[in-house]
Amino acid sequence: MTTLIRLEILRTLRNRRYLLFTLLYPALMYFFFINAYGSSPLAGGLPVKTYFMVSMATFGAVGAVLTGNAQRISLERKSGWVRQLRLTALPGRAYTLGKIAASAVTTLPAILVVFAVGASQGVSLPAAQWAGLALALWLGSFVFAALGVALGYAAAPDAVQTIVMITYMAMALLGGTWFPVGGTLEKFARFNPVYLYNKLAAFTRPGHSLDTAAVAGLAGFLVVFVAAAAALYRRDTRQA
């Protein structure tokens, strides 16, 4: 499984689409949002530059694992590569966990690039908060890595890109990525993993600690998505 993870990481980092849409695009969107808010000092209870630094970091991280996993797995199913792997000694659970682990590793650059841009624009946090925030967002990305694996097995190769993009954009729109979520909309947003993911940054606000409810919610989604990925993998094996 270690070899599979290493190969998956190298393949992702060599992908130009990964560099463009996961590293550069969120950084550019960060500049757009902080300038669009103009003189507004706060967004979602945080300074505007801090709020969008976090939301664009999560946007890049989710994009890295969700689209990368789903589309790659779907293409591997179509080409017969997954079928070939089933003939080796590699167990199915190792393949699934390897995909999740490898894709989650590639989210760290996406997070750190946006953090670097935020710091260059004046975002100032204690060193412990920088480290804690990076760790929280990186661990949270495993949830979406598992969802990407599940979608890769659930969707047909010719439809997976459309399904992933609709899922991705809907979760971002209702999850506080583009604007703070409040009021009635927030009641529904609590069932959105992206909303919970963005809530991990709440401890950067003075007097606030890590949102344990968001952590628990993400843990629940992780269990559901991993179980779904395993079930869909087994279904795909029976149909092969």
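Note that this is a predicted model, so its numbers are computed, not measured.
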Closest contact, heavy atoms only, [X] versus [Y]:
X    : Y    : value
V117 : A27  : CG2-CB, 4.1 Å
L23  : V113 : O-CG1, 3.7 Å
A170 : N192 : O-ND2, 4.4 Å
A214 : L196 : CB-O, 3.6 Å
V181 : G176 : CG2-N, 3.4 Å
P26  : G60  : CG-CA, 3.6 Å

Set of residues satisfying side chain to side chain contact (heavy atoms under 4.5 Å, CB included) with respect to L133, sequence neighbours excluded:
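Applying side chain to side chain contact (heavy atoms under 4.5 Å, CB included) to L133 gives M53, V54, F115, L125, L137, A201, F203, T204.
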Are [Y] and [X] co-members of a hydrophobic cluster defined by side-chain heavy atoms under 4.5 Å apart?
X    : Y    : value
M165 : V149 : yes
Y30  : M169 : yes
L139 : V223 : no
L218 : F188 : no
L151 : F191 : no

Check side chain to side chain donor-acceptor pair (under 3.5 Å) between E186 and all other residues, then give those that pass, not counting sequence neighbours.
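So E186 forms a side chain to side chain donor-acceptor pair (under 3.5 Å) with Y195.
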Partner residues of Y168 under the side chain to side chain donor-acceptor pair (under 3.5 Å) criterion, sequence neighbours left out:
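Not a single residue meets the side chain to side chain donor-acceptor pair (under 3.5 Å) criterion with Y168.
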Does a side-chain heavy-atom distance below 4.5 Å link [X] with [Y]?
X    : Y    : answer
L173 : F179 : yes
M29  : W178 : yes
V123 : Y51  : no
L66  : M171 : yes
Y197 : F144 : yes

Working to the nearest 0.5 Å, report the span between CG of L135 and CD1 of I111.
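The distance works out to 9.5 Å.
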Where at least one partner belongs to residues 54-63, residue pairs that pass side chain to side chain donor-acceptor pair (under 3.5 Å), sequence neighbours excluded:
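Residue pairs with at least one partner in residues 54-63: T58-N198.
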Can you list every side chain to side chain donor-acceptor pair (under 3.5 Å) pair that touches residues 116-145, not counting sequence neighbours?
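Pairs touching residues 116-145 that pass the test: T107-S141.
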How would you list, by chain and number, every residue that makes a ring-ring contact (aromatic ring centres under 6.0 Å, His included) with F52, sequence neighbours excluded?
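By the ring-ring contact (aromatic ring centres under 6.0 Å, His included) rule, F52 matches F33, Y37.
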Counting distance only, does the side-chain N/O of T167 pair as donor-acceptor with the main-chain N or O of I163 below 3.5 Å?
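Confirmed, T167 side chain pairs with I163 backbone.
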What do the steps show when you test F59 against V114 for side chain to side chain contact (heavy atoms under 4.5 Å, CB included), and what is the final call?
CA-CA 10 Å; F59 181 64; V114 178; over 6 Å; no
